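One structure below.
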Amino acid sequence: MSELIWFKGGRIAAEDSAKLEQLDVLVEGGKIIRVAEEVKAPEGAEVVDCEGCVIAPAMFDVHVHAREPGREDKETIETCSEAAINGGVTGMVLMPNTLPAIDSGGLVQSVLDIAAEKSRIPIWQSGCITKGRAGKELAGIAGMKSKGVPVITDDGDSVADPMVLLRAMQYAKRFDLILAMHCEVKELSGFGAMNEGVVSYRLGIPGIPACSEEICLDRDIRLAQYTGARVHIQHVTSARGMETIRRFKEEGVKVTCEVTPHHLLFNEEHIGDYDTHYKMNPPLRTQKDNELLLQALIDGVFDVIATDHAPHTEFEKNSDFVSAPFGITGLDTALVSLYHHYVKTGIFGWDLLVKRYSAEPRRLTNLEPVPVVEGGVAELIVFDPNRKTKFTRDFMKSKSSNTPFLDQELDGQIISVIRDGEFLLNR
Ligand SMILES: [Zn+2]
């Protein structure tokens with residue numbers, strides 16, 4: 001492979017510019033050495049014809065379930081990282097709800113050791129807030145911090161006891177650690193399997209009311225306001241919950257939040273004939289929620305887009321709607337699906353996509369963004385809007401294919417992913 005790579009004739013996407021400028025990009029050994037109109041490429045440069053393509057900073061996902069250790073039948077760190085690359089993602093934060101749950105420095109290290117051997121992209125492991133995610137005692141937070149966790153979270157569950165959470169916040173604040181909160185009042189969710197409302201009544205499926213999420217989210221932010229800790233609200237689904245976050249942000253509370261592609265794109269009506277590819281927790285809400293969440297993303301209420309990539313085996317997802325596990329995969333599909341539904345249609349631009357799925361997720365993880373600028377690191381993707389992507393089982397790199405996009409064909413394709421001077425993907 002050539003040391004020099006010449007990206008010729010692409011249009012550059014940036015978080016702070018709605019306009020895509022047509023410029024050549026010259027990369028040498030992992031660095032962007034020149035960005036200009038019609039670069040004179042030196043001899044021996046490898047040419048990537050980017051005519052008609054978009055060159056964008058590579059994406060970063062702060063909410064991923066890699067299932068290793070414990071459920072390697074669903075996903076491994078290796079297959080998860082390959083799914084990420086396939087989706088234009090070159091870094092991610094793994095959730096700690098594995099078997100065992102990652103609640104000590106030693107366990108964090110064991111995951112990082114696997115990642116160092118098996119993953120072609122860097123991985124950050126988050127740690128639990130409470131031991132074993134049981135909600136009773138604080139996990140080994142200091143030890144996990146020393147191993148570099150950027151975030152602590154009991155994701156999959158909320159921290160039910162407010163006093164335990166308050167202590168966790170006071171403690172985490174000393175380490176400047178973010179607490180990422182899955183918001184749910186378990187007593188209200190009960191055995192619910194989808195959003196509670198007319199559709200759940202019609203289908204005869206027990207419901208999870210939106211207030212289960214809204215009450216917990218409100219409580220968590222109030223505790224953050226009281227303790228001065230930094231909280232990040234995960235996978236917001238309800239417009240009313242989002243409005244709560246908007247209000248607290250306006251008051252200056254240190255709260256950030258995320259929205260998933262599926263909570264923007266889908267709602268309870270998509271469940272149709274009990275399709276378990278639309279079962280996740282928190283659940284898909286209503287079409288009105290879709291519209292208001294999308295508007296909030298455009299308004300800047302949501303700091304980041306994150307997939308909540310949650311692989312499950314076909315066997316599990318093939319069971320009846322109430323018994324099937326919550327969650328869908330997202331790494332392979334997120335960028336193309338967001339392009340297809342929102343960028344191509346002019347609802348928002350590449351600038352929003354870059355800001356919310358590349359730059360801000362890195363900042364949230366205490367990393368520098370990777371803009372395509374002279375002197376910057378070459379961590380970028382080439383995206384061809386004129387090609388299509390069909391999400392067949394073979395195309396996707398995740399070990400699981402529990403996604404509503406299975407066998408769908410969408411506009412746009414990621415044709416190259418570059419990191420550290422190397423092609424991670426080149427179609
Ligand atoms: Zn969650």
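Both counts, for ligands and for their atoms, begin at 1 and track the order of listing. All figures in this text were calculated on a predicted structure; none of them were measured in a lab.
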Tally every protein N/O/S atom whose distance to the Zn ion (ligand 1) is less than 2.8 Å; waters are neither shown nor counted. 3
Taking all heavy atoms of Ala168 and all of Leu138, pick out the closest pair and write down the distance. CB-CD2, 3.6 Å
Of Arg11, Lys344, His340, the one forming a side-chain contact (heavy atoms from CB on, under 4.5 Å) with Pro385 is Arg11
Is the distance between the ring centroids of Phe395 and Phe405 less than 6.0 Å? no
So among Met396, His309, Lys317, which one has a side-chain contact (heavy atoms from CB on, under 4.5 Å) with Thr403? Met396
For the residue pair Phe60 and Trp124, categorise the inter-ring angle as parallel (less than 30°), tilted (30 to 60°) or perpendicular (more than 60°). tilted
Which pairs count as side chain to side chain donor-acceptor pair (under 3.5 Å) when at least one residue sits in residues 256-267, sequence neighbours excluded? His63-Glu258, His232-Thr256, His232-Glu258, Thr260-His262, Thr260-His263, Asn267-Asn290
